[in-house]
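From a predicted model like this one, the values you see are computed outputs, not experimental measurements.
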Amino acid sequence: MPGPRQQALQRQAHIKDAVDFFDELDHGHLPAVSYLKPDSFDDGHPASSKLNILESMMTRVVDGLKRHEELFESTVFFVTFDEGGGYWD
């Protein structure tokens with residue numbers, strides 16, 4: 001198992017902000033696997049955000065993929081929610 005310094009370097013190399021994700025997407029490059037976690041402003045939670053803001057972020061991802069045909073054709077885009085009942089729970 002890598003030591004604490006090596007673990008920190010691995011996290012720094014692989015865990016990026018949403019800004020980095022969109023920058024890579026705009027340039028038509030994404031790693032083999034990407035996870036995009038919205039921040040509190042656009043996460044869609046009723047107490048801190050609005051669903052249409054989250055939907056806008058997802059639209060931005062799909063539109064970014066469509067601008068790069070090869071990337072669009074080789075990408076699967078999953079959306080998951082951690083709230084079982086969404087706005088109704």
Side-chain angles (χ1 to χ4, degrees):
M1 175 174 231
R5 174 138 172 76
Q6 184 64 28
Q7 290 175 358
L9 291 172
Q10 287 177 345
R11 281 192 301 275
Q12 184 179 17
H14 296 287
I15 299 176
K16 304 293 184 181
D17 291 328
V19 172
D20 299 312
F21 173 87
F22 284 111
D23 184 55
E24 290 296 315
L25 178 60
D26 289 344
H27 290 93
H29 305 111
L30 288 177
V33 176
S34 299
Y35 292 91
L36 176 61
K37 181 187 176 298
D39 63 19
S40 61
F41 177 71
D42 56 3
D43 65 8
H45 283 104
S48 61
S49 182
K50 296 184 187 290
L51 192 57
N52 65 330
I53 296 172
L54 174 62
E55 290 170 341
S56 293
M57 189 206 63
M58 291 186 291
T59 299
R60 184 177 173 195
V61 172
V62 172
D63 289 348
L65 291 169
K66 286 181 177 180
R67 280 193 295 276
H68 304 281
E69 184 177 343
E70 185 176 309
L71 189 59
F72 181 75
E73 291 177 358
S74 65
T75 300
V76 176
F77 179 50
F78 293 100
V79 178
T80 63
F81 289 88
D82 65 350
E83 304 295 333
Y87 278 83
W88 311 104
D89 60 1

(request) Please report the closest heavy-atom contact between F21 and S34, naming both atoms and the distance. (result) CE1-CB, 3.9 Å

(request) Taking the side chain as every heavy atom from C-beta outward, state whether L65 and L25 have any pair of such atoms under 4.5 Å apart. (result) yes

(request) Tell me, please, which residues at least two apart from D63 pass salt bridge (charged side-chain N to carboxylate O under 4.0 Å, His left out). (result) none

(message) Can you list everything that forms a side-chain contact (heavy atoms from CB on, under 4.5 Å) with S56? Sequence neighbours excluded, please.
(response) none

(request) List for me each residue that meets side-chain contact (heavy atoms from CB on, under 4.5 Å) alongside V33, sequence neighbours excluded, and say none if there are none. (result) Y35

(request) Report the residues that fulfil side-chain contact (heavy atoms from CB on, under 4.5 Å) with S74, sequence neighbours left out, ordered by chain and then residue number. (result) none

(request) Would you mind listing every salt bridge (charged side-chain N to carboxylate O under 4.0 Å, His left out) that reaches into residues 65-77, with sequence neighbours excluded? (result) D26-R67

Please report, to 0.1 Å, the donor-acceptor pairs under 3.5 Å made by any side chain of residues 3-16, with sequence neighbours excluded.
unit_1	atom_1	unit_2	atom_2	d
Q7	NE2	P2	O	3.1
K16	NZ	Q12	O	3.2

(request) Would you please name every residue forming a salt bridge (charged side-chain N to carboxylate O under 4.0 Å, His left out) with R60, sequence neighbours left out? (result) none

(message) Test question: given the 4.5 Å side-chain rule for I, L, V, M, F, W and Y, name all other residues clustered with F78, or answer none.
(response) V76

(request) Would you mind listing the cluster partners of V19? Hydrophobic ones only (ILVMFWY), side-chain contacts under 4.5 Å, chaining allowed. (result) none

(request) Write down the atom of S49, the atom of G44, and the distance for their closest heavy-atom approach. (result) OG-N, 3.3 Å

(message) With clusters defined by side-chain heavy atoms of hydrophobic residues (ILVMFWY) lying less than 4.5 Å apart, directly or transitively, does F22 cluster with I53?
(response) no

(request) Hey, could you give me the CG/CG distance between L51 and D43, rounded to the nearest 0.5 Å? (result) 10.5 Å

(message) Let me check something: do L54 and V62 share a hydrophobic cluster, defined by ILVMFWY side-chain heavy atoms less than 4.5 Å apart, either directly or through other members?
(response) yes

